[in-house]
Amino acid sequence: MLKNSAIVLEGGAFRSVFSAGVLDYFQEQDFYIPNTVTLSAGAYMALNYVSRQQGRVIRTNIEPLRKKRYLGLGTYIRTGNLFDMDFLFDKLPNEIEPFDYDTFFASDMRLVMHVTNCETGQAIYYDEYGDKKRLMDICRASNSMPFITTIVDIDGEPMLDGGMYDAIPIEKAIADGNEKIVVVFTRTKDYRKKSRWFYLLMVRLVYRKYPEFIKTVTQRSERYNETLELIDRLEKEGKVYIIRPEERPVHNHESNPDKLLKFYQHGYQMAKEKFQEIKNFLS
């Protein structure tokens, strides 16, 4: 495999179980792409790829929903977050379903996660994490969506979901010198992002102390659709290989474990069907 190759994972909250299925099939084949560039829920899935914990997303995100509702109105009232972020980024990795920090930090794979700085409205990319807490804090910040989760402090700066600025970080992967890039989408080919006036109105009200962040979110749909055009062009040039769902994706906040498991399995199957082509592409 080319050393200067990468996999780019789109986010999308629970839609990212599709990406987890792709990555778990890769792990089953002992297939590890050297560089991963991702954000939001894609970052959560990528952690298990670097730590080589195949199937962990089923144990940490899907099966727990059969016993514990770690998202919903009750969670929001209790914690200020629609998702129980302390459960996801502290109790799960450190107590209930231990994350393999030793393997993660010993890996020669490079994981780039990014967040959006509320003060500047710009993306901040991380590939050095230092210790366990900082790793989970950065991943938590990258998963912290406006309105439904609270702002996370990283190095004294207010941070939110990386997808607010760079929802598909293909340009970062290119800038880092990667010549062949596998892109995993969590939406179907026909999707284009639309600007929602009410959402933007609420952003202006709730985040009025962060004018640069408001500007970034206002331009989000245009930037996302331009990135889709760039990726389509790179695919035609033979520089990008795309994996995306062929079935209707689950909702961002889907809480039915059976539906999530089915979408995870769809990702696994898509990776299986395309595996030889991906190997050829990256060789």
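These numbers come from the heavy atoms of this one structure, side chains and all, not from hydrogens, waters or symmetry mates.
For Phe263, the ring pair (Phe, Tyr, Trp, His ring centres under 6.0 Å) test picks out Phe18, with sequence neighbours left out. By the side chain to side chain contact (heavy atoms under 4.5 Å, CB included) test, Ser221 pairs with Lys193, Ser195, sequence neighbours left out. By the salt bridge (Lys or Arg N to Asp or Glu O under 4.0 Å) test, Lys239 is found to be paired with Glu237, residues two or more places apart in sequence or in another chain being considered. For Thr150, the side chain to side chain contact (heavy atoms under 4.5 Å, CB included) partners are Asn81, not counting sequence neighbours. Every side chain to side chain contact (heavy atoms under 4.5 Å, CB included) that Gln29 has, sequence neighbours left out, goes to Tyr25, Phe31, Phe275. Remark: Glu63 pairs with Ile58, Arg66 by the side chain to side chain contact (heavy atoms under 4.5 Å, CB included) rule, at least two apart or across chains. Every residue two or more places apart in sequence or in another chain was checked for a salt bridge (Lys or Arg N to Asp or Glu O under 4.0 Å) with Glu179, and none qualifies.
The nearest pair of heavy atoms linking Phe14 to Glu254 is CD1-O, 3.1 Å.
Contact check for Tyr207 versus Leu160: side-chain heavy atoms found under the 4.5 Å cut-off. Taking the side chain as every heavy atom from C-beta outward, Pro169 and Leu39 approach each other to under 4.5 Å. Taking 4.5 Å as the limit, every side-chain heavy atom of Asn61 sits out of range of all side-chain heavy atoms of Tyr264. Here the side chains of Lys215 and Glu212 are in contact, with some heavy-atom distance below 4.5 Å. Contact of the Thr103 side chain with the Gln53 side chain is not registered, since no non-hydrogen atoms from C-beta on lie closer than 4.5 Å.
A distance of 11.5 Å separates CD1 in Ile7 from CG in Asn178, rounded to the nearest 0.5 Å. Here the straight-line distance linking atom CG of Asp24 with atom CE of Met45 works out to 10.0 Å at 0.5 Å rounding. Distance OG1/Thr38 to CG/Asp166: 10.5 Å, rounded to 0.5 Å. Taken to the nearest 0.5 Å, the OG1 atom of Thr149 stands 12.5 Å off from the CG atom of Asp84. Between the OH atom in Tyr44 and the OG atom in Ser142 there is a gap of 13.0 Å [rounded to 0.5 Å]. Interatomic distance, Gln27 CD to Tyr49 OH, rounded to the nearest 0.5 Å: 7.5 Å.
Listed by first and then second residue, the salt bridge (Lys or Arg N to Asp or Glu O under 4.0 Å) pairs that reach into residues 91-107 are Arg59-Glu97, Lys91-Glu95, sequence neighbours excluded. Under the salt bridge (Lys or Arg N to Asp or Glu O under 4.0 Å) criterion, no residue pair touches residues 194-211, with sequence neighbours excluded. Listed by first and then second residue, the side-chain hydrogen bond (donor to acceptor under 3.5 Å, both in side chains) pairs involving residues 240-251 are Tyr241-Glu277 (not counting sequence neighbours).
With Lys259 contributing its side chain and Val250 its backbone, the two residues share no donor-acceptor pair below 3.5 Å. Between the side chain of Thr186 and the backbone N or O of Gly11 there is at least one donor-acceptor pair closer than 3.5 Å.
A cation-pi arrangement is absent between Arg56 and Phe99 under the rule of less than 6.0 angstrom and at most 45 degrees off the ring axis.
Using a 3.5 Å distance cut-off with no hydrogens or angles, the side chains of Asn94 and Tyr101 do pair a donor with an acceptor. Counting only N and O atoms by type, the side chains of Glu229 and Asn225 include no donor and acceptor under 3.5 Å apart.
With respect to Asp258 and Lys262, no salt bridge is recorded, no charged nitrogen being found less than 4.0 Å from a carboxylate O.
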Q) Which is it for Asn48 and Leu23 under the side chain to side chain contact (heavy atoms under 4.5 Å, CB included) test, yes or no, and what are the steps along the way? A) CA-CA 9 Å; Asn48 302 321; Leu23 296 179; over 6 Å; no
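Under a cut-off of 6.0 angstrom, the local environment of CD in Gln219 is crowded, with over 12 non-hydrogen atoms contributed by other residues, nucleotides or ligands.
Residue Ile168 is found in a hydrophobic cluster whose other members, listed by chain and number, are Val8, Val37, Val112, Tyr125, Ile170, Ile174, Ile181, Val183, Phe185, Tyr191, Tyr224, Leu228, Leu230, Ile231, Leu234, Val240, Ile242; membership requires side-chain heavy atoms under 4.5 Å apart, directly or through intermediates.
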Got a list of side-chain donor-acceptor pairs under 3.5 Å for residues 126-139, not counting sequence neighbours?
| unit_1 | atom_1 | unit_2 | atom_2 | d |
| --- | --- | --- | --- | --- |
| Asp127 | OD2 | Arg110 | NE | 2.9 |
| Asp127 | OD2 | Arg110 | NH2 | 2.9 |
| Tyr129 | OH | Leu111 | O | 2.7 |
| Tyr129 | OH | Met113 | N | 3.3 |
| Tyr129 | OH | Tyr126 | O | 2.8 |
| Asp131 | OD1 | Lys133 | N | 3.3 |
| Asp131 | OD1 | Arg134 | N | 2.8 |
| Lys133 | NZ | Asp137 | OD2 | 2.6 |
| Arg134 | NH1 | Asp155 | OD1 | 2.8 |
| Arg134 | NH2 | Asp155 | OD2 | 3.1 |

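Screening Met159, Arg223, Arg220 against Met164 for a side chain to side chain contact (heavy atoms under 4.5 Å, CB included) leaves a single residue, Arg220.
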